[in-house]
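Read the structure below first, then the notes.
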Amino acid sequence: MIPEQLRKSLEARVAHAFSAREAAVDVMKDLQFHYGWLTDEAVGEAAEILGLSRLQVEELATFYEMIYRRPVGNKMIHICDSISCWNAGYEKILDHLKARLGVEVGGTTADGQFTLVPCCCMGRCGDGPLISIGSTIYDHLTPELVDQALEIERLSGTAAPDHKGQA
Amino acid sequence: MEQVLFRHNRPGRVVTFKEYCDEGGFNALRKAISEMTPNEVQQAVIDSGLRGRGGAGFSTGRKWSFVPRDLPGPRWLICNCDEMEPGTYKDRVLLEHNPYSLIEGITLACYALGVRHAFIFIRRGYEKAANNLARGLMEAKEAGLLGQHILTSEFSVDIDLHLSAGRYICGEETALINALEGKRPNPRSKPPFPATKGLWGGPTVVNNVETLANVPAIIAKGPGWFKGLARNAEGAGMKLFCVSGAVQNRVCVELPIGTPLREIIDGPCGGMKPGTKFKACIPGGASTQFLTPEHLDVPMDYDTVAKVGSRLGSGAIIIFEEGCCLVAATLNLITFFARESCGWCTPCREGLPFVKEVLTRIEAGGGEERDIEILREHVKYLNYTFCALAPGAMAPLDGLLRHFEAELREHIVQHKCPFK
Ligand SMILES: Cc1cc2nc3c(=O)[nH]c(=O)nc-3n(C[C@H](O)[C@H](O)[C@H](O)COP(=O)(O)O)c2cc1C
Ligand code: SF4
Ligand code: FES
């Protein structure tokens with residue numbers, strides 16, 4: 001169940017749209033923000049608010065990179081593995097992250113803090129190698145800078161609201 | 001050097017609404033509304049020679065002219081800020097410095113097209129650009145430059161932002177239209193083209209950020225001036241080039257269309273990274289063919305780059321140094337495309353993973369001579385797909401086969417990557 005206030009804001013978003021389903025991505029993002037990931041319950045609620053079937057919501061949810069249909073850690077770590085970051089040596093950074101976090105790609109750390117996933121070009125190809133943790137970008141990375149970034153993000157772990165890579 | 005899009009830029013921060021207006025911002029909109037008919041605005045854009053900056057390089061004014069003006073029901077304009085083509089970051093740099101040229105450009109395009117409502121489709125991860133735009137839209141509205149009765153005329157336009165959740169295919173214009181409608185963003189079949197049947201079935205123009213942001217200067221200073229900015233006679237205007245890879249400074253710069261590659265590298269990029277030598281580059285984002293040292297003097301314009309077998313694309317130049325394995329680079333590119341395939345049509349959904357498998361095998365030293373022929377055949381087969389993603393994916397592979405077949409063969413003969 002979502003709080004009344006969230007439901008109201010989602011309904012207002014839908015009302016602003018030309019057709020209800022136009023708001024689908026916004027609604028999924030907000031529900032995901034509330035639950036931490038897009039739970040089965042959230043899919044049902046999105047369907048109801050958007051006037052779609054659950055299957056139609058599922059069709060959308062599984063398409064987008066930033067919608068998670070499985071539980072993820074408190075913060076997502078995305079590492080760009082596209083060509084300019086490849087050229088800048090992202091593979092070394094990925095290996096370092098895997099070792100530091102003790103996870104494979106797609107895995108969540110034992111403390112539930114981070115989930116590590118590769119992602120497509122982040123549109124910052126002059127600044128690679130780079131990662132995003134939650135909604136913060138860390139670029140021009142070296143293994144030392146990765147350690148610093150993880151430290152900062154661990155400390156701000158519970159205080160700041162987590163955007164899971166989106167505003 | 002004269003700057004058009006970057007003219008209002010301030011180092012390290014976004015230009016303010018007041019600064020933009022003080023420097024002549026929104027004068028083009030004033031001029032259009034008070035002195036020009038919508039048709040004259042369109043004609044100026046045709047005459048300027050402006051070509052689409054999103055990749056295909058189609059004449060912007062001509063694209064607008066395909067929109068029927070006599071159908072009942074609304075027409076739409078969509079600004080494409082998906083920018084997920086690897087190597088490309090120009091639209092982000094522009095919008096992080098100045099959202100106003102785009103807002104003014106969209107408004108002018110809507111005036112020319114008779115559009116009442118426009119959308120800006122923004123990729124995930126561009127929050128700063130989106131915030132700048134959201135603030136800019138409010139400021140423009142408060143100043144009477146947007147919304148109902150712009151500058152007390154009969155002309156009204158609203159602009160909405162759509163924040164996507166990340167997927168490369170959403171940049172393809174018909175997939176983008178599905179995404180905006182809240183449908184699964186698979187591409188639609190063309191024809192009908194969006195110009196006649198697009199968003200909610202209405203005539204729709206899709207233009208790139210950089211394309212639209214050029215329109216105010218064209219209207220303010222005239223099409224002849226714009227055309228004359230290019231270095232080559234056939235060219236028109238300026239272009240944002242965003243460079244990445246093995247150069248000293250990886251920068252995004254605005255230069256005249258037709259500037260040779262060599263000047264971009266040796267000038268704003270400060271040359272190659274110390275101790276490295278130029279081996280190849282991709283001139284226009286991930287879906288363009290490799291160029292080699294013999295192409296360094298090619299003017300960076302649409303037709304001139306096409307003549308040497310590649311594309312100007314988005315103007316994203318990715319530079320590879322001597323000693324960098326281009327089989328591995330191509331494998332990285334194909335991996336991207338295979339992952340981003342939307343899965344709608346079989347040749348792309350099945351073909352890209354297969355090509356990836358063959359290249360993986362070659363890079364790991366397990367390739368055979370006949371693999372080269374297999375790759376060559378796929379470059380042909382994957383042209384027969386539902387949208388342009390798969391042909392784009394084949395472009396770097398095609399370049400590899402044309403310019404670096406020896407390097408591929410070396411992997412096969414040595415049973416290993418010769419660079420490792
Ligand atoms: C797979 C694919 C991805 C694309 N991504 C983008 C993009 O991110 N931004 C863009 O402006 N155009 C992109 N395009 C091109 C658009 O379909 C369209 O041609 C362009 O937005 C038209 O604008 P223009 O005429 O101003 O260039 C893409 C095309 C394909 C096939
Ligand atoms: S070519 Fe690829 S991306 Fe395009 S429709 Fe077919 S499967 Fe989808
Ligand atoms: S390739 Fe990594 S940000 Fe573009």
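A, B, ... follow the sequence lines: proteins, then strands. Residue 1 opens every chain.
Residue contact with chain A, scored on non-hydrogen atoms closer than 4.5 Å, involves the backbone of B:Leu180 exclusively. Contacts between B:Cys269 and chain A at a heavy-atom distance below 4.5 Å are absent for every atom of the residue. Of the atoms belonging to B:Phe320, heavy atoms from both backbone and side chain fall under 4.5 Å from chain A. With a threshold of 4.5 angstrom between heavy atoms, B:Tyr168 does not approach chain A through any atom at all. Contact of B:Cys170 with chain A is made through the side chain alone, with heavy-atom distances under 4.5 Å. Residue contact with chain A, scored on non-hydrogen atoms closer than 4.5 Å, is absent for B:Cys242. Of the atoms belonging to B:Ala179, heavy atoms from both backbone and side chain fall under 4.5 Å from chain A. Contacts of B:Arg184 with chain A are made by both backbone and side-chain atoms, with heavy-atom separations under 4.5 Å. Looking at B:Ala130, neither its backbone nor its side chain comes within 4.5 Å of chain A, counting heavy atoms on both sides. If you measure heavy-atom distances from A:Cys119 to chain B, the contacts under 4.5 Å come from both the backbone and the side chain. Residue B:Phe337 does not touch chain A at all, counting heavy-atom pairs closer than 4.5 Å. Both the backbone and the side chain of A:Asp81 come within less than 4.5 Å of a heavy atom in chain B. Using a 4.5 Å cut-off between heavy atoms, B:Ile169 contacts chain A through its side chain alone, with no backbone atom that close.
Considering all non-hydrogen atoms of both residues, B:Glu340 and A:Cys120 come closest at OE2-SG, 3.0 Å. Nearest heavy-atom pair, A:Gly123 versus B:Tyr89, reported as atom, atom and distance to 0.1 Å: O-CB, 2.9 Å.
The CG atom of B:Leu163 lies 12.5 Å from the CE atom of A:Met66; values are rounded to the nearest 0.5 Å. To the nearest 0.5 Å, atom CD1 of residue B:Ile318 and atom CG of residue A:Asn87 are 8.5 Å apart. Distance check, rounded to the nearest 0.5 Å: OG of A:Ser84 to CD1 of B:Ile319 gives 10.5 Å.
Between chain B and the options A:Leu50, A:Asp26, A:Asp127, A:Ile137, heavy-atom pairs under 4.5 Å are most frequent for A:Asp127. Per-residue heavy-atom pair counts under 4.5 Å with chain A were compared for B:Ala286, B:Ser244, B:Pro185, and the maximum is reached by B:Pro185. In terms of heavy-atom pairs under 4.5 Å with chain B, the best-connected choice from A:Ser82, A:Cys80, A:Ser19 is A:Ser82.
Using a 4.5 Å cut-off on side-chain heavy atoms (C-beta onward), B:Trp200 and A:Glu22 make contact. Between B:Ser164 and A:Tyr64, some side-chain heavy-atom pair lies under the 4.5 Å cut-off. Annotation: side chain of B:Glu181 is not in contact with side chain of A:Phe18 (no heavy-atom distance under 4.5 Å). Residues B:Lys183 and A:Leu60 are not in side-chain contact: their nearest non-hydrogen atoms beyond the backbone lie 4.5 Å or more apart. A heavy-atom distance below 4.5 Å is not found between the side chains of A:Glu65 and B:Arg123. The closest side-chain heavy-atom distance from A:Cys125 to B:Thr88 is not below 4.5 Å. Residues A:Met122 and B:Arg124 form a side-chain contact, since some pair of their non-hydrogen atoms from C-beta on lies under 4.5 Å apart. Under the 4.5 Å side-chain criterion, counting only non-hydrogen atoms from C-beta, A:His16 is in contact with B:Asp160.
Against chain B, no residue from residues 103-112 of chain A qualifies, as none has a non-hydrogen atom under 4.5 angstrom away. Heavy-atom proximity under 4.5 angstrom to chain B picks out nothing from residues 3-10 of chain A.
By the 6.0 Å contact criterion, NZ on B:Lys279 is enclosed, its count of non-hydrogen atoms from other residues, nucleotides or ligands being greater than 12. Taking a 6.0 Å sphere around NZ of A:Lys98, one finds it holds more than 12 heavy atoms contributed by other residues, nucleotides or ligands.
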- Message: With side-chain contact (heavy atoms from CB on, under 4.5 Å) as the criterion, how do B:Cys342 and A:Phe63 come out once you've worked through the C-alpha distance, each side chain's angles and the decisive distance to 0.1 Å?
- Response: CA-CA 8 Å; B:Cys342 83; A:Phe63 200 86; 4.0 Å; yes
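Between A:Ile83 and the options B:Thr335, B:Leu333, B:Thr330, a side-chain contact (heavy atoms from CB on, under 4.5 Å) holds for only B:Leu333.
The main-chain N or O of A:Gly128 is found under 3.5 Å from a side-chain atom of B:Arg250 such that the two form a donor-acceptor pair.
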